[in-house]
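Just so you know, ligand 1 is whichever comes first in the structure, and atom 1 is the first atom listed for that ligand. Numbers here are sequence positions counted from 1.
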Amino acid sequence: MVGESAIPPEKVPHHIAIIMDGNGRWARSRGLPRLAGHRAGVENLRRILRACTEFEIRILTIYAFSTENWGRPEAEVRGLMNILETVIDRELNHLHANGVQLRHIGDLDGLSPTLQEKVLHAVEMTRNNDQLTLNIAFNYGGRQELIRAFRRIIEDGVPPGEIDETLIDYYLYTAGQPDPDMIVRTGGEMRLSNFLLWQASYAEYYSTPVFWPDFDRDQLLKAIEQFARRERRYGLVPSS
Ligand code: FPP
């Protein structure tokens with residue numbers, strides 16, 4: 001049983017990845033600056049983390065800053081960096097106390113030294129927590145992740161015959177984690193936008209027009225209910 005629904009536990013996605021889109025439009029529709037939308041997005045993340053614990057989702061991956069987001073106006077880029085810093089400063093102890101393991105996926109090098117240090121500290125402090133893993137994709141791009149993996153594979157002198165799916169998994173930021181079962185995109189668009197290109201191969205895709213700051217617990221439950229009704233075939237024929 002999940003929430004008030006009759007979803008059997010084995011039908012609940014183990015790993016959900018979310019493209020948190022629509023913050024800017026949410027803010028504009030209220031006559032607010034875009035950054036107010038991102039701040040409302042952080043508030044919503046708190047709600048969704050609570051809901052994930054309630055629904056016993058074990059891994060949540062959020063797309064917080066893509067490698068393409070550097071092209072946004074400088075003030076917005078700076079604002080998003082500040083948000084990550086503030087989230088770590090204000091929430092780390094609370095997340096740690098609640099058994100959340102924080103992981104960063106993406107290129108740390110592009111961030112300021114202070115932010116890099118904070119991210120590394122948060123990851124180190126929470127590494128043994130096991131209630132919920134929160135992967136923060138920050139300065140993340142799926143293609144960049146694959147390029148990095150291929151470079152490392154070559155640098156390590158791996159013979160071509162040894163390159164298989166397991167080996168590539170091992171070289172990704174998400175090494176050791178199961179692939180997402182469901183990718184949720186808020187804000188109405190129907191594209192992956194360079195998110196988890198390799199890992200999303202067999203994920204169920206769920207898109208909703210609801211803007212991220214309004215995507216609450218009940219919206220998440222709706223997505224899980226839809227996931228539970230889908231038949232995952234992995235390229236095979238329907239089960240009889
Ligand atoms: C997309 O909305 C959202 C982002 C680029 C940033 C998402 C960031 C947060 C929700 C803050 C949480 C961050 C951390 C670090 C925990 P958009 O701005 O593209 O919205 P629009 O399509 O309506 O313009």
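- The atoms of ligand 1 that sit less than 4.0 Å from any heavy atom of Asn69 are 5 (C).
- Compare Ala40, Ala64, Ser29, Gly188 by their heavy atoms: the one nearest to atom 14 (C) of ligand 1 is in Ala64.
- Between His104 and Tyr173, the two ring planes are tilted [angle within 30° to 60°].
- Of the heavy atoms in Arg72, only side-chain atoms (C-beta onward) come closer than 4.0 Å to ligand 1.
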>> Between Asn139 and Thr67, does the side-chain contact (heavy atoms from CB on, under 4.5 Å) criterion hold? Intermediate values first, please.
In response: CA-CA 5 Å; Asn139 198 18; Thr67 44; 3.6 Å; yes
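- Between Tyr202 and Tyr234, the angle of the ring planes lies from 30° to 60°, which puts this pair in the tilted group.
- For atom 4 (C) of ligand 1, the nearest protein heavy atom (residue, atom name, distance) is His38 CE1, 3.8 Å.
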Side-chain donor-acceptor distances from residues 31-46 under 3.5 Å, at least two apart:
| unit_1 | atom_1 | unit_2 | atom_2 | d |
| --- | --- | --- | --- | --- |
| Arg34 | NE | Glu76 | OE1 | 2.8 |
| Arg34 | NE | Glu76 | OE2 | 3.4 |
| Arg34 | NH2 | Glu76 | OE2 | 3.3 |
| His38 | ND1 | Asn23 | ND2 | 3.0 |
| His38 | NE2 | Glu76 | OE2 | 2.8 |
| Glu43 | OE1 | Arg46 | NH1 | 2.9 |
| Glu43 | OE2 | Arg46 | NH1 | 2.5 |
| Asn44 | OD1 | Arg47 | NE | 3.1 |
| Asn44 | OD1 | Arg47 | NH2 | 3.3 |
| Asn44 | ND2 | Trp212 | O | 2.7 |
| Asn44 | ND2 | Phe215 | O | 2.8 |
| Arg46 | NE | Glu91 | OE2 | 2.9 |
| Arg46 | NH2 | Glu91 | OE2 | 2.2 |

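- Remark: minimum distance from atom 20 (O) of ligand 1 to any protein heavy atom is reached at Gly24 N, 3.0 Å.
- Nearest protein neighbour of atom 10 (C) of ligand 1, counting heavy atoms only, is Asn23 ND2, 3.3 Å.
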Enumerate donor-acceptor pairs with a distance under 3.5 Å from any side-chain N or O in residues 9-20 to protein atoms, sequence neighbours excluded.
| unit_1 | atom_1 | unit_2 | atom_2 | d |
| --- | --- | --- | --- | --- |
| His15 | ND1 | Pro178 | O | 2.9 |
| His15 | NE2 | Thr61 | OG1 | 2.7 |

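- Of the candidates Met20, Glu76, Arg28, Met20 brings a heavy atom nearest to atom 3 (C) of ligand 1.
- Here the protein heavy atom with the shortest distance to atom 15 (C) of ligand 1 is Leu84 CD1, 3.5 Å.
- You'll find the side chain of Ile183 stays beyond 4.5 Å of the side chain of Glu204, heavy atoms only.
- Counting atoms of ligand 1 from 1 in the listed order, those under 4.0 Å from a heavy atom of Asp21 are 1 (C), 2 (O), 17 (P), 19 (O), 20 (O), 21 (P), 22 (O).
- A continuous path of hydrophobic side-chain contacts links Phe65 to Leu84 [ILVMFWY only; heavy atoms under 4.5 Å].
- Counting only heavy atoms of the protein, atom 11 (C) of ligand 1 lies nearest to Val42 CG2, 3.7 Å.
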>> Apply side-chain hydrogen bond (donor to acceptor under 3.5 Å, both in side chains) to residues Gln199 and Thr174 and explain how you reach the verdict.
In response: CA-CA 9 Å; Gln199 299 89 333; Thr174 48; 2.9 Å; yes
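- Note on ligand 1: Arg34 sits in its first shell, one or more heavy atoms being nearer than 4.0 Å.
- The shortest separation from a heavy atom of Gly22 to ligand 1 is under 4.0 Å, placing the residue in contact.
- Counting heavy atoms closer than 4.0 Å to ligand 1, residue Leu45 contributes side-chain atoms (C-beta onward) but none from N, CA, C or O.
- Side-chain N or O atoms of Thr126 include none that pairs as donor or acceptor with a backbone N or O of Asn129 at under 3.5 Å.
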